[in-house]
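Let me begin by presenting the structure, written as structure tokens, before commenting on it.
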Amino acid sequence: QVQLVESGGGLVQAGGSLRLSCVASGRTFSNYAMGWFRQAPGKEREFVAAISRSGGNTGYADSVKGRFTISRDNAKNTVYLQMNSLKPEDTAVYYCGANRVSDDRSPSGMYWTYESWGQGTQVTVSS
């Protein structure tokens, strides 16, 4: 399995921005679609954004469309989540996941299809 380490979380005021990073190691990064998910206290893990192996296909949850952007740098084994116009309801632990796929299909938004996960990074948005 690929190992994942997230970073970049923190405390920010509503309307602010953060950029999360997730560095992968142990396997060929470009063989994996990557996703960002989040989990707030007492809630289930929910899809945020995902990106295909090459970066040519992306998908977003309706709640973050137009505010968040997912990208990847295969040379650096890193996937990013740029989060703008943050809202208090974005407060959660954010996890990146890796989904090994055979082609550059549109990425999955279903967390059970991702076989590797990072430890998570806390994002707190104050009102």
Salt bridge (charged side-chain N to carboxylate O under 4.0 Å, His left out) against Arg27, all qualifying residues, sequence neighbours excluded: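 For Arg27, no residue satisfies salt bridge (charged side-chain N to carboxylate O under 4.0 Å, His left out) once neighbours in sequence are set aside.
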
Considering all heavy atoms, the nearest [X]-[Y] contact:
X: Phe47; Y: Ser108; answer: CE1-O, 4.1 Å
X: Asp62; Y: Lys65; answer: OD1-NZ, 3.3 Å
X: Ala33; Y: Pro107; answer: CB-CB, 4.3 Å

For Glu46 and Gln39: C-alpha separation, side-chain torsions, deciding distance, then whether side chain to side chain contact (heavy atoms under 4.5 Å, CB included) applies. CA-CA 6 Å; Glu46 67 172 357; Gln39 189 165 17; over 6 Å; no

Does a donor on one side chain sit under 3.5 Å from an acceptor on the other, for Ser54 and Asp104?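 Yes - a donor-acceptor pair under 3.5 Å links their side chains.
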
Asn84 side chain to Ser17 side chain, donor-acceptor N/O pair below 3.5 angstrom: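 There is such a pair between these side chains.
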
List, by chain and number, the other hydrophobic cluster members for Val48, where Ile, Leu, Val, Met, Phe, Trp and Tyr join if side-chain heavy atoms come within less than 4.5 Å, directly or indirectly.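 Traced through the cluster, Val48 reaches Val2, Leu4, Val12, Leu18, Leu20, Phe29, Tyr32, Met34, Trp36, Ile51, Tyr60, Val64, Phe68, Ile70, Val79, Leu81, Met83, Leu86, Tyr94, Val123, Val125.
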
Does Arg45 qualify as a cation-pi partner of Trp117, given the criterion of NZ or CZ under 6.0 Å from the six-membered ring centre and within 45 degrees of its axis?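 Output yes; distance and angle both within limits.
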
Taking the side chain as C-beta and beyond, is there a heavy-atom pair between Asp103 and Arg53 under 4.5 Å?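 No, every pair of side-chain atoms sits at 4.5 Å or beyond.
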
How about Thr69 and Tyr80: do any of their side-chain heavy atoms sit closer than 4.5 Å?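 Not touching, per the 4.5 Å side-chain cut-off.
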
Can you tell me if Glu44 has over 12 outside heavy atoms packed within less than 6.0 Å of its CD?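 Atom CD in Glu44 is not crowded, with 12 or fewer foreign heavy atoms closer than 6.0 Å.
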
Any donor-acceptor pair under 3.5 Å from [X] side chain to [Y] backbone:
X: Thr121; Y: Gly9; result: yes
X: Thr78; Y: Lys76; result: yes
X: Glu6; Y: Cys22; result: no

Could I get the full list of side chain to side chain donor-acceptor pair (under 3.5 Å) partners for Asp90, not counting sequence neighbours?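 Side chain to side chain donor-acceptor pair (under 3.5 Å) list for Asp90, sorted by chain: Arg38, Arg67.
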
With side chain to side chain contact (heavy atoms under 4.5 Å, CB included) as the test, would you mind laying out the steps for Asn74 and Arg72 before giving the verdict? CA-CA 6 Å; Asn74 285 348; Arg72 66 189 295 161; 2.7 Å; yes

I want to know whether Tyr114 and Tyr95 have ring centres closer than 6.0 Å.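 No, they do not, as the ring centres are separated by 6.0 Å or more.
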
Gln13 CD to Thr124 OG1 distance, which is reported to the nearest 0.5 Å: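 One finds 13.0 Å between CD of Gln13 and OG1 of Thr124.
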
